[in-house]
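One structure is given here, and the rest of the page talks about it.
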Amino acid sequence: MKKYILKPGLHQFAPNSAAVHSNDTITDKEAEWYLQRYPHIAGLFVQSPQDEQSEITEDEKPDAKIKRKRIPKKSMESSQFSVIQ
């Protein structure tokens, strides 16, 4: 399975070159070479399954803070106990 998959169509990687690159004409080795020299072309590639897996593990960090829902002030006042004398 290919590591780098291009979006549909022909793509131009290097400035002033022809749009000749597609999934049928590029290898993973060539894709890596182009990405090292022209990092702005990363958007032309579809995200690989390995990248999706790494994003999931990054999002599920145990140190992530969870936002809590705030309780409205009105409901707080009604839940207070009255003092018996």
Give the minimum heavy-atom separation between [X] and [Y], together with the two atoms involved.
X   : Y   : value
S22 : G9  : CB-O, 3.8 Å
Y34 : I41 : CB-CD1, 3.8 Å
I26 : H21 : CD1-ND1, 4.5 Å

Inset, instruction - Report the residue from V46, N23, T25 that forms a side-chain contact (heavy atoms from CB on, under 4.5 Å) with L6. - result: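 Answer to the side-chain contact (heavy atoms from CB on, under 4.5 Å) test with L6 among V46, N23, T25: N23.
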Inset, instruction - Give, for atom CG of L44 and atom CG of L10, the distance between the pair rounded to the nearest 0.5 Å. - result: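 Rounded to the nearest 0.5 Å, the CG-CG separation comes to 11.5 Å.
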Inset, instruction - Please round to the nearest 0.5 Å and tell me the distance separating atom CG of D28 and atom CD1 of I5. - result: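 If we round to the nearest 0.5 Å, D28:CG and I5:CD1 are 8.5 Å apart.
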Legend entry - Parallel, tilted or perpendicular: ring planes of H11 versus F13, cut at 30 and 60 degrees: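 H11 and F13: parallel rings.
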Legend entry - Donor-acceptor contact present, side-chain K3 to main-chain E32, <3.5 Å: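 No, the answer is negative, given that no donor and acceptor are paired below the 3.5 Å cut-off.
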